[in-house]
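Numbers restart at 1 for each chain; the letters A, B, ... are given by sequence-line order, proteins then strands.
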There are 2 protein chains.
Amino acid sequence: MVSALKYKYRNIGFKLTPQRIAILDYLEGNTGHPSAEDIYNAVAKKFPTMSLATVYTTMGALREKGNVLELKVDPDKKRYDPNTAKHNHVICISCKRIFDIPAAGSIDLPDSLTGVFSVLESYVEVRGLCLECQTVNAKK
Amino acid sequence: MVSALKYKYRNIGFKLTPQRIAILDYLEGNTGHPSAEDIYNAVAKKFPTMSLATVYTTMGALREKGNVLELKVDPDKKRYDPNTAKHNHVICISCKRIFDIPAAGSIDLPDSLTGVFSVLESYVEVRGLCLECQTVNAKK
DNA sequence: ATTAATGCAAACACTTTGCAATGGA
DNA sequence: TCCATTGCAAAGTGTTTGCATTAAT
């Protein structure tokens, strides 16, 4: 991790421990939408004593600071996304991989809600089959 | 429950017990997106011995037959929707209520995925504040 | 020196499962 | 009668919390 980044985190009151730096390094540019366990497995290589609880509390702290997103795309477990820019997801229902897509335009509310419901954010999820899984399924 | 409906369920191999009929009656036209516990609480009034396990297995069976949708809108618990027609959801982040909205039109995929990813379904979720919660917040 | 993070274990919430008893078809 | 459903309790997941120890600032 570059020192400018360290500076930034210390400035927002986020204490940088070696474990946290390892987590942040793992997350940097990671587009795989890892679960807590994914993160744990990756970081535990460097820190055999690392615990899942630390991953959870660290990710919770990062989310509070607005540095990661907690995705609920996967109903079974949380997934984290270091890309906090507005974007949406495409999910392959076969291999479960999640791909990023740019944010969609505005969503039209039905008349009954227009001007009544104040929209803060909208989220689009597309489900289908990725190229690899289409190929595999075709062979069957 | 009307007998035509009973006929339909028996025909698809769904054995109708009194508990199941009570669940189906509770679900009929229900737009509140109830959780398993909501359903349990409602039906337990008639059946004091009713168990949550029965609700879960029944809902699982109904989902398999395509008679309810399992929503993952709420990251903490499953919610069920007897409205299996294509539609989307508006969620109030304050009171957590979920409102139905008609399905949106097609979603544009980025060029990199067009013709590569085969879209099966898309889902839109809008988050914001409902009228009541806007009013309450304004008073504070 | 302060104060917060670590990491273990225990607690938690939601959901699923094993199984004997029950009751639809 | 036959086989699925019930409902209890126990097990299973993923996540959170209490707390003494450790370490960052």
Nearest-Å distance for atom pair [atom1]/[atom2], residues [X] and [N]:
| X | N | atom1 | atom2 | result |
| --- | --- | --- | --- | --- |
| B:K72 | D:dT13 | NZ | P | 22 Å |
| A:F47 | C:dA5 | CZ | C1' | 13 Å |
| A:D76 | D:dG12 | CG | P | 17 Å |
| B:R10 | C:dG24 | CZ | P | 10 Å |
| A:L52 | D:dT13 | CG | C1' | 12 Å |
| A:E70 | D:dT15 | CD | C1' | 10 Å |
| B:M59 | C:dC14 | CE | C1' | 15 Å |
| B:Y56 | C:dC14 | OH | P | 7 Å |

Practice task
Return the 5'-most residue of the pair A:R20, B:F14 with respect to DNA chain C, ranking by each residue's nearest nucleotide.
Solution key: A:R20
Side-chain N or O of [X] closer than 4.0 Å to phosphate OP1/OP2 of [N]:
| X | N | answer |
| --- | --- | --- |
| A:T17 | C:dT6 | yes |
| A:K78 | D:dT16 | yes |
| B:T49 | D:dG7 | yes |
| A:T58 | C:dT6 | yes |

What is the nucleic acid contact for [X], judged by heavy atoms within less than 4.0 Å: base, sugar-phosphate only, or nothing?
| X | result |
| --- | --- |
| B:Q19 | sugar-phosphate |
| B:S35 | nothing |
| A:T54 | base |

Problem - Residues B:E37, B:R79: salt bridge by 4.0 Å N-O rule - result: no
Handout entry: Closest to the B:T57 side chain, choosing from C:dA25, D:dT6, C:dC8
Key = D:dT6
Handout entry: Residue B:K15, side-chain atoms from C-beta onward, closest of C:dA9, D:dC8, C:dG24
Key = C:dG24
Problem - Exam field: side chain B:Q134 to backbone A:V116, donor-acceptor pair closer than 3.5 Å - result: yes
Problem - Cationic tip of A:K6 above A:F14 ring, under 6.0 Å, 45° of axis - result: no
Exercise for the section: Is it possible for you to check whether B:K72 lies under 6.0 Å from the centre of the six-membered ring of B:Y123, through NZ or CZ, and within 45° of that ring's axis? Expected result: yes
Completion exercise
By nearest-nucleotide position on DNA chain D, the 5'-leaning member of B:P48 and A:K77 is B:P48
Practice task
Is it possible for you to say whether A:L71 and A:Y80 belong to one hydrophobic cluster, with membership spreading through side-chain heavy-atom contacts below 4.5 Å?
Solution key: no
